[in-house]
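Notes for the one structure printed next.
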Amino acid sequence: MENFAPPRGMRDFYPEDYRIREYIFNAWEYAAKIYGFEFWDAPVVESMELLERKAGEEISEQIYSFEDKSKRRLALRAELTPSLARMIINRQGGLSFPLKWASIGQCFRYERMTRGRKREHYQFNLDIIGEESTTAETEVIAATLTSLEKTGLSEKEIRVHIGSRKLLVELLSEFKLSEAQLTACYMALDKKGKVSDEEINKILKNENIPEEVINKLFRVISISSLEEAESYLPENSEALKELKEFFKFSESYGISKYLKFDISIVRGLGYYTGIVFEGKAVKSNLRTVFGGGRYNNLLSSLGGRELPCVGMGFGDVVIMELLSDCRKLPGQRHGIEYIIGYMNADCAEFAQKAAAKIRKSGKSCSVGLKPEKPKQFFKKADRNNAHNAIYIGPDELESGKITIKNMKKSEDTIKSFAELP
RNA sequence: GUGGUAGUAGCUCAGUUGGUGAGAGCGUCUGGUUGUGGCCCAGAAGGUCGCGGGUUCGAUCCCCGUCUUCCACCCCA
């Protein structure tokens, strides 16, 4: 009992914190539901093997792993996608694709902490499984943006940067690059603007990337529009066709005002195969709020059917900070509709019966757990932001009449027990 | 991981160049009003001054270590 603080990187949610979390979850749930996504969930504890196979060796160092009493190697999930993949594969014969699935789950990652990064967070995932059209990308991004709009954010605060892994592969296709070299190229693009050109050059040389490829990469980095990219690409470029299609669909979804083509978006995870995207906060130094993309090979690489997928992940920590910066967090608690107090023990039963009646009507109602003086009671009613307060004393007990006080207007209404809501 | 910053009441922070009993505002509680909240007034509770060690007659203050926070870089996405 020495250290009462939560473990490093873990959070307590006091009621005022929980309220904010609920507010964000509600926005996520709202968006997922009005776009027709279905919610799913899986255990927080997964087998280490599943997480390793998907993530690769480096990330497994950041996974909280342990052995259970039967020596099974288990781990806390660091993201939701492996569990999703497992569930899809297990039922791939019986599911009718495409699926639109959503989830909100707590994920853990042992990593160094900075602003907006803890060792535990709640992640909102939207995935469309089994659809190769870029309608899937559009749909996922549109739903994500709807959740942000629900919290009061707009294109003034958020920009979605759109890139494409496939486009990069095509641009570099004239060279015969190994997987490792391609990954190094992605990393270099990712560093654009963050690190000096010399640094990028050095990194690439270390990976044995030929001089000519590096030169091409630097030309690629400077591409700032789709039209510009077009001149570098073959006539029948698939990536270009996809991107054009995607931007066309985005027009009719009404989300183009958020979008910006950005060739440097590659995403860190290895399994992306097509369009990739990152939602960034315009004000807060372009911090990444959400990200995702197309991963067409993941399920088959885990032994499942060939199923094209688009996924999006969105953490609660950054959005909380962003909303706080923009002063868009909800303030007061919602407030209960009715609160009932009583003067002495004899009045308790009457108060409890009134509360039971009000609750049967579906209205929220809190009844005192012990007798309270009127002053105490009304003060508490005020603090709880109650809409109506009912105080039962000997007078009410005798007459059977109940005074309902509207706390905002400070007006009384007298009703009989039968007239209660 | 490296460098810096900070840690004093529930919260935000003063303060002591080392000296009897450690301060404010906000919040909480009580009373002013044994049947009415917000405002006001009065009062109270609440602190091992992050933790451990050292120096000293004496440490919240100085020194060392450690943990935690925040920031930057590194790493990662």
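Side chains included, hydrogens not; waters and symmetry mates left out as well; all remaining heavy atoms used. Note on naming: letters A, B, ... go to the chains in the order of the sequence lines (proteins, then strands), and numbering restarts at 1 for each one.
The distance between atom CZ of A:Arg11 and atom P of B:C70, rounded to the nearest whole Å, is 12 Å. Regarding A:Asn406, its CG atom lies at a distance of 13 Å from the C1' atom of B:G37, rounded to whole Å. Rounded to a whole Å, the CG atom of A:Asn384 is 14 Å from the C1' atom of B:G38. For A:Lys380 and B:G38, the NZ to P distance is 15 Å, given to the nearest whole Å. Distance, A:Ile414 CD1 to B:G35 C1': 13 Å, rounded to whole Å. Distance, A:Lys379 NZ to B:U33 C1': 13 Å, rounded to whole Å. Distance, A:Asp12 CG to B:G10 P: 15 Å, rounded to whole Å. When the P atom of B:A77 is taken as reference, atom OH of A:Tyr272 falls 12 Å away, rounded to whole Å.
Relative orientation of the A:Tyr295 and A:Tyr271 rings is perpendicular, given thresholds of 30° and 60° on the angle between their planes. Using cut-offs of 30° and 60° on the angle between ring planes, the pair A:Phe350 and A:Phe417 is tilted. The aromatic rings of A:Trp101 and A:Trp40 sit tilted relative to each other, their planes meeting at an angle between 30° and 60°.
Side-chain atoms of A:Arg117 and base atoms of B:C76 include a donor and an acceptor less than 3.5 Å apart. Applying the 3.5 Å distance criterion, the base of B:C76 shares no donor-acceptor pair with the side chain of A:Arg109. Checked by distance alone, A:Lys375 brings no side-chain donor or acceptor within 3.5 Å of a matching partner on the base of B:U36. Below the 3.5 angstrom threshold, one finds no donor paired with an acceptor across the side chain of A:Glu372 and the base of B:G35.
Both tests pass for A:Arg21 against the ring of A:Phe13: distance under 6.0 Å to the centre and angle within 45° of the axis. By the 6.0 Å and 45° rule, A:Lys405 stacks over the aromatic ring of A:Phe378.
Distances from the side chain of A:Arg112 to the nucleotides B:G35, B:G1, B:A77 place B:G1 closest. For A:Met113, the listed nucleotide lying nearest its side chain is B:C70; candidates were B:C70, B:C74, B:G38. Checked against B:A77, B:G37, B:G35, the side chain of A:Phe378 finds its nearest nucleotide in B:G37.
Atom C1' of B:C11 sits at a distance of 34 Å from the matching atom of B:G54, rounded to the whole Å. For the P atoms, the distance from B:C64 to B:C75 is 31 Å, rounded to whole Å. Here, B:A22 and B:G65 have their P atoms 30 Å apart, quoted to the whole Å. Comparing B:U55 with B:C63, their P atoms are spaced 16 Å from each other, to the whole Å. Separating the C1' atom of B:A42 from that of B:G58 is a span of 39 Å, rounded to the nearest Å. Taking atom C1' in both B:C57 and B:A24, the straight-line distance is 33 Å, to the nearest Å. Across B:U30 and B:A45, the matching P atoms stand 15 Å from one another, rounded to whole Å. A gap of 15 Å separates the C1' atoms of B:G50 and B:U5, to the nearest Å.
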Original post:
Could you write out RNA chain B as a dot-bracket string, with dots for unpaired bases, | for bases paired across to another strand, and Watson-Crick or G-U pairs counted at under 3.5 Å?
Top reply: ((((.((..((((.....[...)))).(((((.......))))).....(((((..]....))))))).))))....

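Inter-residue side-chain proximity for A:Met10 and A:Arg119 is flagged as met; some heavy-atom pair is nearer than 4.5 Å.
Regarding contacts with the backbone of B:C29, a side-chain N or O of A:Arg383 is found under 4.0 angstrom from either OP1 or OP2. Phosphate contact (OP1/OP2 of B:G31, side-chain N/O of A:Lys373, threshold under 4.0 Å): present. Listed pair A:Gln376 / B:C29 fails the phosphate criterion, with no side-chain N or O lying under 4.0 Å from OP1 or OP2.
When each of A:Glu111 and A:Phe377 is assigned the nucleotide of RNA chain B bearing its nearest heavy atom, the one mapping closer to the 5' terminus is A:Phe377. Along RNA chain B, the nucleotide nearest to A:Lys118 and the one nearest to A:Thr403 differ in position, and the one closer to the 5' end is contacted by A:Thr403.
Base engagement by A:Lys405 is indicated by at least one non-hydrogen atom pair under 4.0 Å involving a base atom. Within the 4.0 angstrom heavy-atom criterion, no nucleotide atom of any strand lies near A:Glu16.
Checking each of A:Leu259, A:Val140, A:Ile265 against A:Phe277 for a side-chain contact (heavy atoms from CB on, under 4.5 Å) leaves exactly one that passes, namely A:Val140. Considering A:Glu131, A:Glu139, A:Glu38 as possible partners of A:Lys100, the one that fulfils the salt bridge (charged side-chain N to carboxylate O under 4.0 Å, His left out) test is A:Glu139.
A salt bridge links A:Glu120 with A:Arg11; the closest basic N to acidic carboxylate O contact falls under 4.0 Å.
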